[in-house]
Amino acid sequence: MEAKYVYGFNEGNKDMKSLLGGKGANLAEMTKIGLPVPPGFTISTSACNDYYDNSELIRDEIIKEIENYLKSLEENLNKKLGCSKNPLLLSVRSGAVFSMPGMMDTILNLGLNDSSVLALANATQNERFAYDSYRRFIQMFSDVAMGIPKYKFENVLDDAKESKGYKIDTDLNSEDLKEIVTKYKAIYKKEIKQDFPQEPKDQLMLAIEAVFKSWNNPRAAVYRKLNDIPHNLGTAVNIQSMVFGNMGESSGTGVAFTRNPSTGENKLFGEFLINAQGEDVVAGIRTPQDISSLKNVMPKAYDEFVKITSILENHYKDMQDIEFTIEREQLYILQTRNGKRTTTAAINIAVDLVNDNIIDEKEAIMRIEPKQLDQLLHPSFESKALKNATVIAKGLPASPGAGSGKVYFNAQDVVEAKGRGEEAILVRLETSPEDIEGMVCAQGILTARGGMTSHAAVVARGMGKCCVAGCSQIKVDEYNKEIRSDDFVIKEGEYISLDGSSGCVYIGSVKKTDVALTGSFEKLMNWVDKYKDIIVRSNADNPRDAAMAIKFGAQGIGLCRTEHMFFDEDRIPAVREMILSNTLEQRLVALEKLLPMQREDFVAMFKVMDGKPVNIRLLDPPLHEFLPHDDESINHLAKVMGLQVSEIKRRIIDLDEFNPMLGHRGCRLAITFPEIYEMQAKAIIQGAIEASKEGIKVTPEIMIPLVGEVKELKVIKDMIKETVDNIIAAEGVNIPYTIGTMIEIPRACLSADEIAQEADFFSFGTNDLTQMTFGYSRDDAGKFLGEYVNKELLEKDPFEVLDQKGVGKLVKMGVQLGRSSKPNIKLGICGEHGGEPSSIEFFYNLGLNYVSCSPFRVPIARLAAAQAFIKNPR
Ligand code: ADP
Ligand code: MG
Ligand code: MG
């Protein structure tokens, strides 16, 4: 069989999108199910690709095929292109596989020329209509196919209206329109240096070629790049016979959604215009009427439209976005597609469709984009307010949500501002654990440095607080308390607003909308839990976050970072005392002060978690992070500890490291100061005993960070085990506990078989593992990773989306080696990737037991986990 490049609307169906484009496939489908679609044909994407394969020429063979289809269309309608009695008019509509901005706009009324316009006037007995169509065609063809700026034509139209004192374009009469047509043709001639093409076949071929060309215009190419759409798909061209919404008061055109796209309410939502054509509705030429009033204007067409909308919805099993035209009371459907919608609408619609037995639960789950849930879980700015707001800078969208307030440049000032009842934004070069309280009190956090896993980003996500990090376009002057850029200065106390979902920083206070978790959300999440087959835990450092995690459906704590408990105002002195101790005796005294405080923390944590597993990581950061940096605090500390200021300063300098993230931290601290972990282990187990005495079931998991060599783990584990077992024996109780390790150093993955022999569980710490596998400091990578992604050296920021090819391979090796020596070892992940959908799918497929993420990402993780199962059930 010869290659086929053209398909009649009666030859295709909705599954032929890659050949016919989205628009063409749906026009064919609607034709197939008997809806009133004006007949026509689709020139396929393979013709477009052929055009590019043949040095941008449409081959004769394809032209022939087009002509044949045109001929049968003419016969079918008993009209002829360019005929001076009964002219056929066409629309030329581009249609790629994925709808894309930048593709060529539609040309309507093709086939009109100086003689067929007369024939049209004659045949319809409507001269005004004929010239209105002609002037539209000249403008669209000139603009869309020939690239003559639209405003040149619009100026003429506006002048005409103004000189006659008309308000709207329907006031123009046929004489006005004739004049306009003459002027339009003159513009064309001036711009193109040729007469406006009078031969309809020339018009048609020029229009088709323009559509092919638009596939490669820069805007479309950029869009494809951004959205991972391959460049070799090509676009289809739809050639369709015209129907006319501009034939007077009994004609019109409109667009409608079968349900409300912002709320999901099951009620037609849309607009129409009487006596109008094409894009008049969206172009805002006149104010359209609500679709419901079509009922009064044209009851018959309205009833039919309502009937068709429900046919289409049932057929496509989803909310539809429909374009229609009414020609002298007769309804035609010109387009249908699945409608775009907000997250709220997406969930409500999916749940309603299940309730109506149109789709099943699994399909409903698959229809919600997990990342979209963010929109629901965090406050956001009102879209109207946002449109009018001024963006002053853009950083990384580090933690979603919206926040506005007065800017303050240190944590203490934020805390005080909150005390005065103000809304505050914490602005820092970068945050450190000392800023925690300020972060808690702030409406949002803005930092000039740091990436997606910087301190600010990780902690803010954990708190569910909005954060824009690594905003390098601004200078943060903490000393003079102001934000500067080339063109503005914002001083302490002035308002800004942060959008943590886009990374945008706005001047002033932008209005917000509230979080609303609807009944449908709960219902959907119940289905999600039915299908997901990997446990979702949460990272939480305190009872408040733990309670939030449970509210969002977490099944345990995957990471409780004990160091955050050290920063409380009443604890930090004892912590500093411990760090600055010169002798073991001094250190033990300080640790003895910390023990009861830590114990209380764990009791509270166990109570909130009420039997669910709690994984507690022993002290991890380098010690100098806990020391004071400003003179005032140093003086204070000296007084409390009875030491010389100079002595403290000397110790601070001693503890300073060139490369703290690769320095004296994690389990290395316990190799040199075992008493620190010993105290923490005691606090955990004593806390567990206390909670269990109150009737609470406890399952502590003690986690040792930064292990790279099995002997490190063994020494520390033996020490902890002895401590814990002694306490348990002395109390005569039974507390089931486990001891395991983080796997976050490449060497740990490589030697996971050995490490597994000493560990009850592994928790992959993919933040550090990514940092060390790439050799990118996560606090500095923000400076260059953006460029890496822009230049396509990396597909995604690997701190955000797990790098499956490299880091993922190490995780896989860790899983396989670990299980090879201990088949039932418990495996989880607690890096930021535990809340990222594509990474979750990867972890599920590796067979991990759980993922753990910040509380606000728990619903996203649950949904992503259910989708991973549905895609690949086991
Ligand atoms: P877009 O992809 O921008 O929506 P379309 O190809 O759907 O472009 O065309 C835009 C509008 O042009 C349609 O909504 C419809 O109003 C009008 N239109 C397109 N084809 C025809 C036709 N054959 N008859 C009447 N109007 C048409
Ligand atoms: Mg358009
Ligand atoms: Mg359309």
Side-chain angles (χ1 to χ4, degrees), residues 8-9 17 20-28 30-31 35-43 70 73 76-77 79 81 87-112 120 124 129 132-133 136-137 139-141 143-145 150 204 207-208 210-211 214-215 219-220 223 235-247 251-257 270-286 288 291 305 312 320-328 330-340:
F9 288 170
K17 284 204 173 80
L20 304 179
K23 204 180 277 169
N26 285 333
L27 284 167
M30 291 194 289
T31 306
L35 299 187
V37 176
F41 53 89
T42 303
I43 303 168
L70 179 61
L73 185 62
N76 174 2
L77 293 169
K79 290 181 180 174
L81 197 63
L88 171 67
L89 300 192
L90 299 171
S91 71
V92 177
R93 317 172 65 187
S94 66
V97 182
F98 303 99
S99 95
M100 298 193 322
M103 293 298 297
M104 203 189 83
D105 281 338
T106 296
I107 299 175
L108 303 177
N109 311 327
L110 186 138
L112 281 175
L120 185 66
T124 57
F129 152 72
D132 183 52
S133 302
R136 288 171 186 270
F137 170 55
Q139 171 172 341
M140 278 186 262
F141 183 88
D143 157 29
V144 172
K150 216 183 192 146
L204 182 60
I208 292 170
V211 176
S214 75
W215 174 253
R219 205 150 71 99
Y223 183 85
T235 179
V237 190
N238 301 290
I239 310 293
Q240 187 175 31
S241 51
M242 283 299 300
V243 290
F244 299 99
N246 55 338
M247 269 199 183
S251 304
T253 181
V255 294
F257 290 83
E271 296 174 325
F272 73 100
L273 266 179
I274 291 291
N275 198 11
Q277 188 175 57
E279 308 257 294
D280 290 1
V281 176
V282 277
I285 291 174
R286 282 175 277 146
I291 191 76
F305 184 63
L312 280 172
Q320 295 296 296
D321 169 359
I322 301 167
E323 298 176 7
F324 65 94
T325 284
I326 299 168
E327 176 183 318
R328 294 194 277 207
Q330 185 66 47
L331 174 70
Y332 294 93
I333 306 296
L334 293 170
Q335 189 170 353
T336 193
R337 60 188 149 192
N338 295 340
K340 294 236 176 350

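Order of appearance sets the numbers: ligands from 1, and atoms from 1 within every ligand.
Heavy atoms of K23 found under 4.0 angstrom from ligand 1 belong exclusively to the side chain. Contact annotation for V243 and ligand 1: heavy atoms of both the backbone and the side chain come within less than 4.0 Å of the ligand. Counting heavy atoms closer than 4.0 Å to ligand 1, residue V255 contributes nothing at all. Residue Q335 touches ligand 1 through its side chain alone, judged by heavy-atom distances below 4.0 Å. Using a 4.0 Å cut-off between heavy atoms, S241 contacts ligand 1 through its backbone alone, with no side-chain atom that close. Using a 4.0 Å cut-off between heavy atoms, P38 makes no contact with ligand 1 at all.
Using modelled atom types, no side-chain atom of S94 and backbone atom of V211 make a donor-acceptor pair closer than 3.5 Å. Checked by atom type and distance alone, the side chain of S251 pairs as donor or acceptor with a backbone atom of R328 at under 3.5 Å. With D105 contributing its side chain and V144 its backbone, the two residues share no donor-acceptor pair below 3.5 Å.
The Mg ion (ligand 3) has an N, O or S atom of Q335 inside 2.8 Å of it.
Annotation for ligand 1: atoms under 4.0 Å from non-hydrogen atoms of T253 are 16 (O).
Applying the side chain to side chain contact (heavy atoms under 4.5 Å, CB included) test to A145 and every residue at least two apart in sequence or in another chain returns I107, F141, A210. By the salt bridge (charged side-chain N to carboxylate O under 4.0 Å, His left out) test, D143 pairs with no residue at all, sequence neighbours left out.
Side chains of Q277 and N109: a donor on one and an acceptor on the other come within 3.5 Å.
Using a non-hydrogen distance threshold of 4.0 Å, D105 does not register as a contact of ligand 1.
Of the N or O atoms in E323, one or more lie within a sub-3.5 Å distance of an N or O in ligand 1.
Interatomic distance, M30 CE to L312 CG, rounded to the nearest 0.5 Å: 6.5 Å.
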